[in-house]
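Heads up: the structure comes next, in structure tokens.
Quick note on labels: first sequence line is chain A, next is B, and so on, each numbered from 1.
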Protein chains: 2
Amino acid sequence: MRIGELADKAGVSTRALRYYEEQGLLRSERTASGQRLYEESAADRVRLIQELYTAGLGSRLIVTLLPAIDARQVGPELLIRLLDERAQIEAKAAVLQDAGRRLDMLIHLARYPDAESCPTSLDQAVAQDSMSP
Amino acid sequence: MRIGELADKAGVSTRALRYYEEQGLLRSERTASGQRLYEESAADRVRLIQELYTAGLGSRLIVTLLPAIDARQVGPELLIRLLDERAQIEAKAAVLQDAGRRLDMLIHLARYPDAESCPTSLDQAVAQDSMSP
DNA sequence: CTAGGACTTGACGTTGACGTCAAGGGCAAG
DNA sequence: CTTGCCCTTGACGTCAACGTCAAGTCCTAG
């Protein structure tokens, strides 16, 4: 398949696909005239890349991660980074949860403006200081 | 308190605090010479702002949100945006969960490189197409 | 009184994941 | 052949939340 079809199937732009290739995240065959060709499996690969991006991982980590995922082989150096990133994801997920609850309170407030529905923890942020020495 | 002390207490830079003020997220008194002065409660306010930022909300939404939080009063127009943002946070949290699990598999793989520990769902991204028409 | 740290405004720099033109080549249908 | 859509590389633009000087002012300890 060519780049446009892959873009459709994976739900990203063609620009993004070229960017991924530029970053070493995605390979492609080329026709004689230079057009990119992809296997069917490329769509899954792109969705995986998107997932990792959305999780806040950068290109440089992902480009290291993908071969490890493919080979199912993780070295000790990568493990260090993984543990760090895992902790960051954990923290980010927690903040997301809190913010989500806060929005839920506001949404509830918009629908039932009567009683003091959620008296507490609407102003104060949750203490997220669990990582400092 | 002056801006440096608040920055310390809230765990952000002074530049960030000035930026928040510039965006209308944070108010301050001024001394005769023009230096900013803050109440003790400003630290909580800043942490709240940070939480909302970390949740992916932009300045423009937060500047609308803060008065609603203070007054505990949410209009119908804001409710629309809240529902949308809530859904986005939900989706993002889900992706974060998936990516976290994926990292966990890799971490597990690094520690127990023996058995085919996690045979499935290491390559393929989870279908996150639940929002398209 | 003075040294030096904290503060002010203003303005430009950074970063990442693309968006968006520009200028041209490729390819199937009519 | 030519219309029209897809593709190519290249290069500049964007956006947000700050970082980072620069040049000058303020305040406090000694």
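With sequence neighbours left out, the side chain to side chain donor-acceptor pair (under 3.5 Å) criterion links E90(B) to R86(B). Shown here are the side chain to side chain contact (heavy atoms under 4.5 Å, CB included) partners of S33(B), two or more places apart in sequence or in another chain: T31(B), Q35(B). Take R60(A) and apply the salt bridge (Lys or Arg N to Asp or Glu O under 4.0 Å) test, not counting sequence neighbours, and it matches no residue. Take Y38(A) and apply the ring pair (Phe, Tyr, Trp, His ring centres under 6.0 Å) test, not counting sequence neighbours, and it matches no residue. Legend: residues meeting side chain to side chain contact (heavy atoms under 4.5 Å, CB included) with R101(A), ordered by chain and number and at least two apart, are Q97(A), D98(A). Remark: Q23(B) engages Y19(B), L25(B), S59(B) in a side chain to side chain contact (heavy atoms under 4.5 Å, CB included) (not counting sequence neighbours).
Computed from coordinates, the L61(B) CG to dA16(D) C1' distance equals 14 Å when rounded to whole Å. Across the protein-nucleic acid pair, Q23(B) atom CD and dC15(D) atom P stand 14 Å apart, rounded to whole Å. Going from atom CG of L17(B) over to atom P of dT9(C) covers 13 Å, rounded to whole Å.
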Please walk me through it: do I49(B) and L66(B) pass side chain to side chain contact (heavy atoms under 4.5 Å, CB included)? CA-CA 9 Å; I49(B) 293 172; L66(B) 288 182; 4.1 Å; yes

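In this model, the phosphate group of dA17(D) is approached by a side-chain N or O of S59(B) to a distance below 4.0 Å at OP1 or OP2. Distances shorter than 4.0 Å separate some side-chain N or O of R60(A) from OP1 or OP2 on dG16(C). Contact between the side-chain N/O atoms of Y19(B) and the OP1/OP2 oxygens of dA16(D) is not found at any separation under 4.0 Å.
Sorted by residue number, the members of residues 26-39 of chain B with any non-hydrogen atom under 4.0 Å from DNA chain C read R30(B), G34(B), Q35(B), R36(B). Residues from residues 4-13 of chain A with heavy atoms under 4.0 angstrom of DNA chain D, sorted by number: G4(A).
A rotation axis mapping the C1' atoms of four pairs onto the next four is fitted at both ends of the helix from dC1(C)-dG30(D) to dG30(C)-dC1(D) over five pairs, and the angle between these axes is 0° to 10 degrees.
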Table please: side-chain donor-acceptor pairs of residues 4-17 of chain A below 3.5 Å, with sequence neighbours left out.
| residue | atom | partner | partner atom | Å |
| --- | --- | --- | --- | --- |
| K9(A) | NZ | E40(A) | OE1 | 3.1 |
| S13(A) | OG | A16(A) | N | 3.0 |

What pairs of donor and acceptor atoms, side-chain ones from residues 78-85 of chain A against any protein atom, are under 3.5 angstrom apart with sequence neighbours left out?
| residue | atom | partner | partner atom | Å |
| --- | --- | --- | --- | --- |
| D84(A) | OD2 | Q88(A) | NE2 | 3.4 |

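Using a 4.0 Å heavy-atom distance criterion, R18(B) is classed as a base contact. Using a 4.0 Å heavy-atom cutoff across all strands shown, L57(A) reaches sugar-phosphate atoms only and no base atom.
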Give each protein N/O atom lying under 3.5 Å from an N/O atom of nucleotides 20-24 of chain D, with the pair distance.
| residue | atom | partner | partner atom | Å |
| --- | --- | --- | --- | --- |
| dT20(D) | O4 | R15(B) | NE | 3.1 |

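Considering only heavy atoms from C-beta on, R36(A) comes within 4.5 Å of R30(A) through its side chain.
In this structure, CD1 on I89(B) lies 4.5 Å from CG on L103(A), to the nearest 0.5 angstrom.
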